[in-house]
Amino acid sequence: MYHVSKSDFKTRLQTWLPKLVLSPSLAMVLIFVYGFILFTVYLSFTDSRILPSYGWVGWENYNKLWRLSHWEISLKNLGIYASLYIAICTAIGLTLAIFLDQKIRGEGILRPIYLYPMALSFIVTGTAWKWFLDPGIGLEHTMHLWGWESFEFGWIKDRNLAIYTLVLAAVWQSSGFVMAMFLAGLRGIDSEIMKAAQIDGASNWNLYRRIVIPLLRPAFLSAFVILAHLAIKSYDLVIALTGGGPGRATELPATFMYSYTFTRNQMGIGASSAVIMLMTIAAIMVPYLYAELREKK
Amino acid sequence: MSSVQTQSVQTGRITRKFIYLFLLLMALFYLLPFFIMVVNSVKPLSEITGGNMMALPEVFTIEPWLAAWSTAQVGVEPTGLRPYFWNSIKMVVPAVAISTVLGAINGYILTKWRFKYDTILFGLMLFSCFIPFQIVLIPMARILGILGLSGSTYGLILVHVVYGIGFSTLYFRNYYAAFPTELVRAAQIDGAGFFQIFYRILMPSSGPITVVCVIWQFTNIWNDFLFGASFASGSGAPMTVALNNLVQSSTGVKEYNVHFAGAILAALPTLLVYIVAGRYFVRGLMAGSVKG
């Protein structure tokens, strides 16, 4: 009898053990991610200023937020930055991948060169580009010394053009990664399909346009999702490269949220901007992750 | 990317020349900022302000490196980046170790001990990797304050473990999903328990994915700026925050050469990992995006 109940306990333990062991991780995620999200959502409806406070103000913070020109500028900047960043990274990544896929001598050396910026911190990238783009000591200065006196490249100091320096540095950092994604996609294509198309007399251009690129659709989708969420989260690079300036020329929602919450003591508005950032990312990520997880089943 | 490639596209000679030219120019584009960092980090300051940023140094000096490491003004103290480098090490080693171990166990449970709604739970964990961390900054700052961990390395370890287990779980889950479940069932019939199966059967073949996971977590945590700046901006700051303070400090002359040396110091650990284990780094990137 004793033996039976003991083994009974053991089997029951064995069925509970996995859930038991998983629970600390799960609890952490539920509290620190989802609990915190709820807390921030709640704060966005309160009159919190320098510290969290719990006076309910309804939609007031959101109304204020959408009337702030600072927020409008951040969104507009994000629009320019994200669309260019995604488009240029995709274009460069795809071109590099297709070219590298042509039995290139030295591919083993070139590929890591394209990809190494991804291992660097955005603060490092920002520092390097900040001084390189500085007209006083960087590229413009060098061109003058080389005899091209009329050369001008002061984008980083220009209110209308500074946002494009952000795109430049971000593309430098991430386009190699997009290249790697497309290259993996290209190497996964069945070469029989390519051969058949060539026997049918398709030119290289048509082969890629009509057959290869459509087959890369999953890679396009992944690249888009990853780049879009990176763009919305961009914070470090702005801080290191331009600090949001000149003026507010390179403010993004991420820098807006930080400055309203922690330096301007408008925590309620900061929280509401964070909620909008989350919603935007969720709109992109949730359908994507849902589709990915469903496929796996 | 390792699959054998059967070339079927034919390209003409001029096209090939153009392709090589383009690839080389792009390589120069990617190398240029690093070249500038290295070259200017071994020049005296006068050669940068008065000279050409693209030129090789006329006078070679390692002064900027020494200054960046131990005497440069970071924030208010002239400590150099050294203490912050160690802060980062003290933060990154435990955070990587803990998040990897948790990820391995979670991945094991989510694939070999499946239960109802496990995919939903995994989805919740996975989504946590992609949230904009601005959404958790305010409550996290409060909690760290309540726990007495504000400004400390321990606080940052906690933060990085919490927001790192999503990815580490993803890696191990996808890896173990391909591991034959029959072996696990057979061991179960032989009387092996939950932990025994993990140690004896799954762990021995987990080498590659552990490397991938460690590299990914190391790179991410080392390069983090937002959490470091939010929760540990003082003497407990990690390397990235200190580097930013060094570069942005508005007092005195801008010592560009010291900034470049500091930037390389901050980049060195992840860059070394990339050079030594680039293959795994790429695999990690891919698994983190295409969920392969």
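Computed from a predicted model, the values in this text were never measured in an experiment. Naming: A, B, ... by sequence-line order, numbering from 1 per chain.
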Strictly under 6.0 Å, is that where the ring centroids of B:Tyr274 and A:Tyr116 end up?
no
Just checking B:Phe22 against A:Phe99, ring centres under 6.0 Å apart?
yes
So for atom CD1, which belongs to A:Ile109, do other residues, nucleotides or ligands contribute more than 12 heavy atoms lying within a distance under 6.0 Å?
no
[X] versus chain A, heavy atoms under 4.5 Å apart: side chain, backbone, both or neither?
X        : result
B:Ile36  : side chain
B:Ile143 : side chain
B:Leu158 : side chain
B:Ile165 : side chain

Which value, rounded to the nearest 0.5 Å, describes the distance between [X] atom [atom1] and [Y] atom [atom2]?
X        : Y        : atom1 : atom2 : value
A:Leu22  : B:Leu110 : CG    : CG    : 5.5 Å
A:Ile123 : B:Asn244 : CD1   : CG    : 4.5 Å
A:Tyr258 : B:Gln134 : OH    : CD    : 10.0 Å
A:Ser121 : B:Asp224 : OG    : CG    : 8.5 Å
B:Phe29  : A:Ile113 : CZ    : CD1   : 13.5 Å
B:Ile135 : A:Leu278 : CD1   : CG    : 4.5 Å

Quick one: of B:Ile105, B:Thr219, B:Leu226, who has the most non-hydrogen atom pairs under 4.5 Å with chain A?
B:Leu226
Quick check on the interface: out of B:Thr169, B:Thr270, B:Asn220, who has the most heavy-atom pairs with chain A under 4.5 Å?
B:Thr270
Report the relative orientation of the aromatic rings in A:Trp131 and B:His259; use parallel for angles under 30°, tilted for 30 to 60°, perpendicular for over 60°.
parallel
Listing, residues 25-34 of chain A side-chain donor-acceptor contacts under 3.5 Å, not counting sequence neighbours, or none:
| unit_1 | atom_1 | unit_2 | atom_2 | d |
| --- | --- | --- | --- | --- |
| A:Ser25 | OG | B:Asn106 | OD1 | 3.3 |
| A:Ser25 | OG | B:Asn106 | ND2 | 3.1 |
| A:Tyr34 | OH | B:Leu124 | O | 2.5 |

Side-chain contact, heavy-atom cut-off 4.5 Å: A:His141 with B:Asn52?
no
Contact list for residues 122-135 of chain A, test salt bridge (Lys or Arg N to Asp or Glu O under 4.0 Å), sequence neighbours left out
A:Asp134-A:Lys157
May I have the step-by-step check of side chain to side chain contact (heavy atoms under 4.5 Å, CB included) for B:Phe225 and A:Tyr235, ending in yes or no?
CA-CA 9 Å; B:Phe225 176 75; A:Tyr235 174 76; 3.7 Å; yes
Below 4.5 Å from any heavy atom of chain B, which atoms of A:Leu51 appear? Answer side chain, backbone, both or neither.
side chain
